[in-house]
Visitor: 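Please read through the structure below; I'll follow up with questions.
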Amino acid sequence: MRVIVVGAGFAGLSAAWVLADSGVDVTVLEARDRVGGRVWSWELVPGDPGTVIERGAEFVLDGYEHLNNWVTRLGLELANTTMSYYVREPRGGLPVTAGEVATAAAILADAAATEPSSVSVASIAQQVLATQPGSGGGVSRAAVEAILTRISISWAAEVTELSCRALQGTASAFEPNPTYRVAGGNQGIAHGIAAHLGNRVRLGCPVRRLTHDEGSAIVWTDDGAERADAVIVTVPLACSSSMPVEPALPAWKVEAWSRTGLGQAAKLHVMLTQPATASAVLSVPDGYWTWVATDASGVTQPIAHCFAGSMPALDRLGVMSGPGDWLARLADLRPELSLDVDRVLLSTWAEDPWAGMAYSAERSVSRPEDPDLMAAPVGRLHFAGEHTAGPWSGLMEGALRS
Ligand code: FAD
């Protein structure tokens with residue numbers, strides 16, 4: 001049996017490993033000149049492994065069983081960041097503590113649990129503010145604003161369009177749990193799998209078109225056509241909807257794609273001239289968060305990491321015009337950090353031709369069956385990737401599970 005996998009991100013590579021080890025003749029075709037897709041580790045100071053940052057996926061969160069298994073299988077290790085992804089000191093908005101935010105977030109999550117997924121995060125917030133306002137055990141507007149900013153960042157989408165399920169996911173927890181990264185960079189997982197697959201992975205090979213019939217599927221690249229018994233498409237959602245397929249995919253799949261949100265995010269990394277302690281701060285008005293973290297050596301990296309989520313936040317920070325505006329706002333938000341404004345890296349994904357997005361988001365117009373519809377095969381074409389992973393969508397863990 002011959003299988004072609006389109007895309008060498010975590011979904012495509014892990015699928016190819018399993019197939020290859022089952023004796024299947026598998027080839028992975030990847031458009032970029034590197035593996036890992038939206039997992040992209042980078043030395044901020046070239047040649048200095050102590051400055052490895054993540055331009056895409058960063059945090060290994062609670063319940064990442066599959067990712068942990070791959071880490072073990074590949075002989076890698078996790079590094080404790082010694083800050084918590086889940087707890088961020090709110091700054092810049094109405095006065096509120098991280099503890100008050102966590103208490104209020106639990107109330108919003110409880111309210112969301114009794115509502116259908118068609119209710120938005122913003123509606124839940126309005127409902128809770130109307131029924132449990134004020135101090136004295138209620139929920140303050142300051143806490144709600146901080147929660148809405150945090151949720152919008154984590155899901156890279158606006159709270160008016162996000163399903164209230166976003167208040168309950170792993171990425172939306174507020175407990176002070178430890179948070180990890182893969183020591184040396186998350187892309188180590190992709191490199192490890194690709195090394196195992198050897199010349200079965202072909203880089204710089206964009207798939208332009210797919211055709212399929214009852215007996216086989218054909219993948220069209222710049223070098224011509226390749227026939228296979230099955231094709232697994234793992235490209236990001238923003239790319240799959242623009243890839244020509246003949247005969248066309250059924251309406252139920254295309255409609256499930258169009259109901260799913262295309263989350264947008266950007267990251268900014270800035271070297272520090274003075275050491276700083278591990279910490280995490282949320283900018284409530286500007287829609288981003290920023291942290292200082294420890295790496296595998298146990299030393300806190302002299303780097304300010306920042307992540308902005310949702311298109312309005314990216315516009316506010318002017319990311320499409322470069323790092324200048326964001327850098328100035330970071331300096332205002334965190335005067336305690338000594339930023340080296342000459343050693344800065346901005347990473348965006350919206351205009352990346354092989355991503356077009358950061359990760360998928362469940363919207364209030366999404367339907368519970370959408371992940372299954374997006375994952376369901378059509379004849380000889382199969383589909384995987386983070387957007388097909390249901391409760392794990394949007395995450396590295398989801399890509400591996402898919
Ligand atoms: P991808 O990694 O996108 O892989 C798909 C591959 O297909 C890519 O390599 C792409 O180049 C290739 N491709 C596209 N089109 C074609 C074509 N026509 N022909 C051939 N190849 C093609 N997750 C977490 O768990 N924790 C985090 O902290 C986190 N933070 C994130 C921050 C950012 C800024 C971003 C962008 C993502 C983040 N994620 C995070 C999400 C995580 O990166 C993704 O869920 C996961 O990596 C997706 O893997 P995938 O294999 O589904 O897709």
Side-chain angles (χ1 to χ4, degrees), residues 4-16 28-41 53-64 66-67 81 85 153-156 169-171 179-182 186-187 189-190 193-194 201-210 219-222 231-244 262-269 289 291 305-309 314 319 346-350 352-361 374-375 383-389 392-402:
I4 295 177
V5 177
V6 185
F10 276 17
L13 290 170
S14 54
V28 182
L29 303 181
E30 166 57 48
R32 301 177 198 269
D33 59 4
R34 62 170 181 85
V35 294
R38 284 170 277 172
V39 179
W40 190 15
S41 310
I53 53 95
E54 301 295 343
R55 304 186 68 165
E58 179 143 0
F59 296 108
V60 175
L61 302 175
D62 296 346
Y64 276 29
H66 287 238
L67 189 141
T81 63
Y85 165 93
I153 294 171
S154 295
W155 296 92
T170 306
T179 310
Y180 301 88
R181 303 184 287 201
V182 176
N186 294 335
Q187 206 181 349
I189 292 181
I193 300 178
V201 181
R202 260 189 261 157
L203 301 179
C205 190
V207 170
R208 306 291 185 189
R209 184 158 75 91
L210 297 168
V219 168
W220 299 80
T221 68
D222 296 340
V231 169
I232 307 178
V233 181
T234 72
V235 304
L237 182 54
C239 301
S240 47
S241 35
S242 56
M243 183 182 293
L262 303 180
Q264 296 296 357
K267 291 179 92 167
L268 178 70
H269 290 94
W289 74 294
W291 62 97
H305 310 244
C306 309
F307 176 106
L314 269 51
V319 298
L346 175 69
S347 306
T348 56
W349 294 86
D352 180 323
W354 311 117
M357 63 185 296
Y359 41 83
S360 65
M374 289 192 283
F383 299 85
E386 55 85 6
H387 54 286
T388 66
W392 295 99
S393 288
L395 302 169
M396 293 183 280
E397 177 72 7
L400 295 170
R401 286 181 185 235
S402 74

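Each ligand, and each atom within it, is numbered from 1 in the order the structure gives. Note that the structure is a prediction, hence the values are computed from the model and not measured.
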Visitor: Compute the minimum heavy-atom distance from Ala355 to ligand 1 and say whether it is under 4.0 Å.
Guide: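 It does not, in that no heavy atom of Ala355 comes within the 4.0 Å cut-off of ligand 1.
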Visitor: Return the residue, atom name and 0.1 Å-rounded distance of the protein heavy atom closest to atom 16 (C) of ligand 1.
Guide: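 Looking only at protein heavy atoms, the one closest to atom 16 (C) of ligand 1 is Val235 CG1, 3.5 Å.
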Visitor: Can you check whether Glu386 has an N/O within less than 3.5 Å of an N/O in ligand 1?
Guide: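 N/O-N/O distance below 3.5 Å exists for this pair.
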Visitor: Does atom CG (Asp33) have a neighbourhood of more than 12 heavy atoms from anything else shown, all under 6.0 Å?
Guide: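 Result for CG/Asp33: open.
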Visitor: Is any side-chain heavy atom of Val201 closer than 4.5 Å to one of Val35?
Guide: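 Of all side-chain heavy-atom pairs linking Val201 with Val35, at least one is under 4.5 Å.
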Visitor: Tell me, which protein residue and heavy-atom name are nearest atom 46 (C) of ligand 1, and how many Å apart are they?
Guide: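 Sorting protein heavy atoms by distance from atom 46 (C) of ligand 1 puts Ala399 CB, 4.1 Å first.
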Visitor: Hey, does Leu395 come in under 3.5 Å of ligand 1, counting only N/O atoms on both sides?
Guide: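 Yes, at least one N or O pair falls under 3.5 Å.
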Visitor: If you measure every N/O of Ala31 against every N/O of ligand 1, is any gap under 3.5 Å?
Guide: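 Between Ala31 and ligand 1, an N or O pair is found under 3.5 Å apart.
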Visitor: Please state which protein non-hydrogen atom is closest to atom 28 (O) of ligand 1 and give its distance, to 0.1 Å?
Guide: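 Residue, atom and distance for the closest contact: Phe59 N, 2.8 Å.
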Visitor: Quick one: nearest non-hydrogen protein atom to atom 41 (C) of ligand 1, plus distance?
Guide: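 Result for atom 41 (C) of ligand 1: Gly394 O, 3.2 Å.
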Visitor: Give yes if a backbone or side-chain nitrogen or oxygen of Tyr359 is under 3.5 Å from a nitrogen or oxygen of ligand 1, and no if not.
Guide: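 By distance alone, the answer is no.
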Visitor: Is Gly398 near ligand 1, meaning one of its heavy atoms is under 4.0 Å from it?
Guide: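 Flag not set, Gly398 not near ligand 1.
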Visitor: Looking only at protein heavy atoms, which one is nearest to atom 23 (N) of ligand 1, and how far off is it?
Guide: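 Heavy-atom neighbour on the protein nearest atom 23 (N) of ligand 1: Met396 N, 3.3 Å.
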Visitor: Counting only nitrogen or oxygen atoms and a 3.5 angstrom limit, does Trp349 reach ligand 1?
Guide: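 No, there is no polar N/O contact under 3.5 Å.
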Visitor: For atom 9 (O) of ligand 1, find the nearest protein heavy atom and state the residue, atom name and distance (0.1 Å precision).
Guide: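 The protein heavy atom lying closest is Glu30 OE1, 2.6 Å.
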Visitor: Give yes or no for whether the N/O distance cutoff of 3.5 Å, strictly under, is met between Val207 and ligand 1.
Guide: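 Such a contact does occur with ligand 1.
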Visitor: Which residue and non-hydrogen atom of the protein lie closest to atom 47 (O) of ligand 1, and at what distance in Å?
Guide: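 Checking every protein heavy atom, the shortest distance to atom 47 (O) of ligand 1 gives Val39 CG2, 3.5 Å.
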Visitor: Is the closest heavy atom of Gly36 to ligand 1 under 4.0 Å?
Guide: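 Yes; Gly36 lies near enough to ligand 1 that a heavy-atom distance drops under 4.0 Å.
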Visitor: Examine the proximity of ligand 1 to Val6 and report which part, side chain or backbone, both or neither, has a heavy atom under 4.0 Å away.
Guide: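 Side chain only.
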Visitor: Report yes or no: does a heavy atom of Tyr64 sit under 4.0 Å from some atom of ligand 1?
Guide: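 Within the 4.0 Å threshold, so yes.
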Visitor: Any atoms of ligand 1 less than 4.0 Å from a non-hydrogen atom of Met243? List them with their elements.
Guide: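 What qualifies from ligand 1 is 18 (N).
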Visitor: Answer yes or no: does an N/O atom from Phe307 fall short of 3.5 Å to an N/O atom of ligand 1?
Guide: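 No, Phe307 has no N/O under 3.5 Å of an N/O on ligand 1.
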Visitor: Look at atom 42 (C) of ligand 1 and say which protein heavy atom is nearest, naming residue and atom and giving the distance to 0.1 Å.
Guide: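 Among all protein heavy atoms, the one nearest atom 42 (C) of ligand 1 is Ala57 CB, 3.6 Å.
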Visitor: Is there a polar contact, in the sense of an N or O pair closer than 3.5 Å, between Lys267 and ligand 1?
Guide: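 Min N/O separation from ligand 1 is not below 3.5 Å for Lys267.
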Visitor: If only side-chain N and O atoms count, and only distance matters, is there a donor-acceptor pair under 3.5 Å linking Glu54 with Ser41?
Guide: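 Present: a donor and an acceptor within the cut-off.
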Visitor: Is there a polar contact between ligand 1 and Phe10, counting only N or O atoms under 3.5 Å apart?
Guide: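 Yes; at least one N/O pair falls below 3.5 Å.
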